[in-house]
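Below is one structure; the comments refer to it alone.
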Amino acid sequence: MIRTRFAPSPTGFIHLGNIRSALFPWAFARRHGGVFILRIEDTDTERSTPQATQAILDAMAWLRLDYDEGPYFQMQRMDRYREVIADMLARGLAYHCYMAPAELDALRERQMARGDKPRYDGRWRPERARAAGLAPPAGVAPVVRFRNPEDGSVAWDDGVKGPIAIANAELDDLVIARADGTPTYNFCVVVDDIDMRITHVLRGDDHVNNTPRQINMMRALGAQPPAYAHLPTVLTPTGEKLAKRHGARGVLQYRDDGYLPEAVVNYLARLGWSHGDDEVFTPEQFVAWFDLDGLSSSPGRFDPDKLRWVNQEHIKRTPPAELGARLRPFLAGAGCDVEAGPSPADVAALLRDRAATLVEMAAAAACFYRPPVPPPGLVAQHVTDEVRPALAALHDAFADVEWSREAIGALLKSTAARHGLKPPQVMMALRALVCGTMQTPAIDAVLALVGRERVRERMRAA
Ligand code: GLU
């Protein structure tokens, strides 16, 4: 049974680059009928906040990245970590180290002065301490270190990067518990991945240096390490790592800006993975097509224009009834009284080929619900003395023409002809009067939807 996890740290705010790391383990579990777990890694108590945790939960819910287990919280598992540390000490897999921070700094400086990589020298390994006659100093609280293998190397076949091998001589004995007893990050991940029986770890490649240490700890604990795949970082269009200071925005900002969750999933999936030339796909297709072979080894660049385009494609493909339901809150947000106008489904049907986001669609739909506010001069520019008589005739004829797009369209043409005008002259004037803008879909369809009485009212008001 495949078991994967998304293990975010609730620090700062969750942006698109962060949530992308949830997509692949989710899709992999779903594809294989496995289990997807959410684990909140909140052991950095200085930087973790309940708001950040809530934003993660909300983002997962909005994107419909459903999980089968969790959320687990590492802070609720402290007893378990302490138990494992005690067990490792008892079995000689870990040991107490009494080296003071100042001593360690001095050692590092000497190593760097020699041109060596700074690393802890293992002096408190029990057999070495004994041989060197070191005795635990009184009154010093020790840290606990993992006894990393000294020989050989640790290797894995990374699902994205291919085979990786690291000599154990490169790895020093990692601190797994601080002097105050709190377990460290790499250690908690290992205990959790074992306890949660994770079979595949798909995570950002900022963790690739942790992997050899984690594998060594797993093996020492008698566990079979999971398969690992490290996803390349998401970069900004100019090549920086996507982060708040480079303009990254929170995931939920996209929800509020009228992006569809399936479009965001689609775009983010494509940022690290591909399926032939398919650019636009549903979450169901993503799951059906997902495999580790499609993961890319080069960093994706976040392109806001491309995301808009993908969103627009999804809007076009969403059935009007469904799109209308999603548009409704945005109409309300734009100050429209939805009950006082056409059904959002009808509005969505008319506008769905023209809007890149639901916010834009709601803005374009406002004239269906309330009188327009044309920019200064627009009405005067189009409602000229030349077209006025035709508009007056239309106003009267509108009173009893059959109120359908076709009948209205025919009436516009015949009235224009009778007044010696070109149809666009009349149509432009109506756009200005009824919509307050020239950017509208076909005016006959717009008038049909705005409604007979409202159209006539707006014509009279001018
Ligand atoms: N908590 C880590 C992070 O947010 C992820 C750790 C992991 O996936 O192993 O970067």
Side-chain angles (χ1 to χ4, degrees), residues 2-29 34-57 59-60 63 65 67 69-78 81 146 154 156 158-161 164 174 176 182-218 221 223 225-235 241-244 248 250-251 268 272 292 295 299:
I2 283 182
R3 295 174 60 91
T4 64
R5 81 315 192 265
F6 175 47
S9 303
T11 55
F13 75 130
I14 183 158
H15 59 63
L16 293 183
N18 306 134
I19 197 79
R20 194 198 59 159
S21 297
L23 258 52
F24 302 120
W26 172 80
F28 192 61
V35 171
F36 175 58
I37 295 167
L38 176 61
R39 179 168 86 216
I40 306 289
E41 302 202 322
D42 55 353
T43 55
D44 183 347
T45 50
E46 306 261 292
R47 295 175 58 229
S48 298
T49 65
Q51 294 83 344
T53 297
Q54 194 56 49
I56 291 167
L57 300 178
M60 300 283 288
L63 295 175
L65 300 172
Y67 35 91
E69 287 182 25
Y72 295 112
F73 291 86
Q74 287 189 323
M75 285 307 284
Q76 292 173 8
R77 292 177 42 77
M78 285 295 150
Y81 305 137
F146 168 62
V154 47
W156 76 98
D158 195 278
V160 174
K161 296 177 184 293
I164 299 182
L174 187 76
I176 60 174
T182 56
T184 59
Y185 169 71
N186 269 300
F187 173 74
C188 298
V189 170
V190 164
V191 175
D192 288 352
D193 284 344
I194 295 174
D195 286 355
M196 296 171 194
R197 306 194 312 283
I198 301 299
T199 58
H200 293 74
V201 170
L202 282 71
R203 63 180 170 196
D205 67 2
D206 45 336
H207 290 285
V208 72
N209 292 333
N210 293 330
T211 304
R213 300 173 180 286
Q214 293 182 2
I215 291 176
N216 279 339
M217 283 190 274
M218 292 211 166
L221 288 166
Y228 291 91
H230 289 91
L231 311 157
T233 318
V234 180
L235 302 179
K241 187 174 168 174
L242 192 64
K244 193 173 192 174
V251 174
L268 291 178
L292 299 181
L295 288 171

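In each ligand, atom 1 is the first atom listed, and ligand 1 is the first ligand listed.
- With hydrogens and angles left out, the side-chain atoms of Asp192 and Tyr81 include a donor and acceptor closer than 3.5 Å.
- Looking at Arg39 next to ligand 1, no N or O pair under 3.5 Å apart turns up.
- Residues Ala59 and Ile14 share a closest heavy-atom pair of CB-CG2, 4.4 Å.
- Distance from atom 8 (O) of ligand 1 to its nearest protein heavy atom, with residue and atom name: Arg5 NH1, 2.7 Å.
- Contacts between Ser9 and ligand 1, counted as non-hydrogen atom pairs separated by less than 4.0 Å, involve both the backbone and the side chain.
- Among protein heavy atoms, atom 3 (C) of ligand 1 sits closest to His207 NE2, 3.5 Å.
- In terms of polar-atom proximity, Ala7 is counted as a contact of ligand 1, with an N or O under 3.5 Å from an N or O of the ligand.
- The backbone N or O of His230 lies less than 3.5 Å from no partner atom in the side chain of Asp205, so there is not a single donor-acceptor pair.
- Between the side chains of Arg203 and Thr211, at least one donor N or O lies within less than 3.5 Å of an accepting N or O.
- Those atoms of ligand 1 that come under 4.0 Å of a heavy atom in Glu41, given as number and element, are 1 (N), 2 (C), 5 (C), 6 (C).
- Shown here are the salt bridge (charged side-chain N to carboxylate O under 4.0 Å, His left out) partners of Arg197, two or more places apart in sequence or in another chain: there are none.
- Taking any N or O of Asp206, backbone or side chain, none lies under 3.5 Å from an N or O belonging to ligand 1.
- Between Asp193 and Arg3, none of the side-chain N atoms (NZ, or NE/NH1/NH2) sits under 4.0 Å from a carboxylate O, so this pair counts as no salt bridge.
- Among all protein heavy atoms, the one lying closest to atom 6 (C) of ligand 1 is Tyr185 OH, 2.6 Å.
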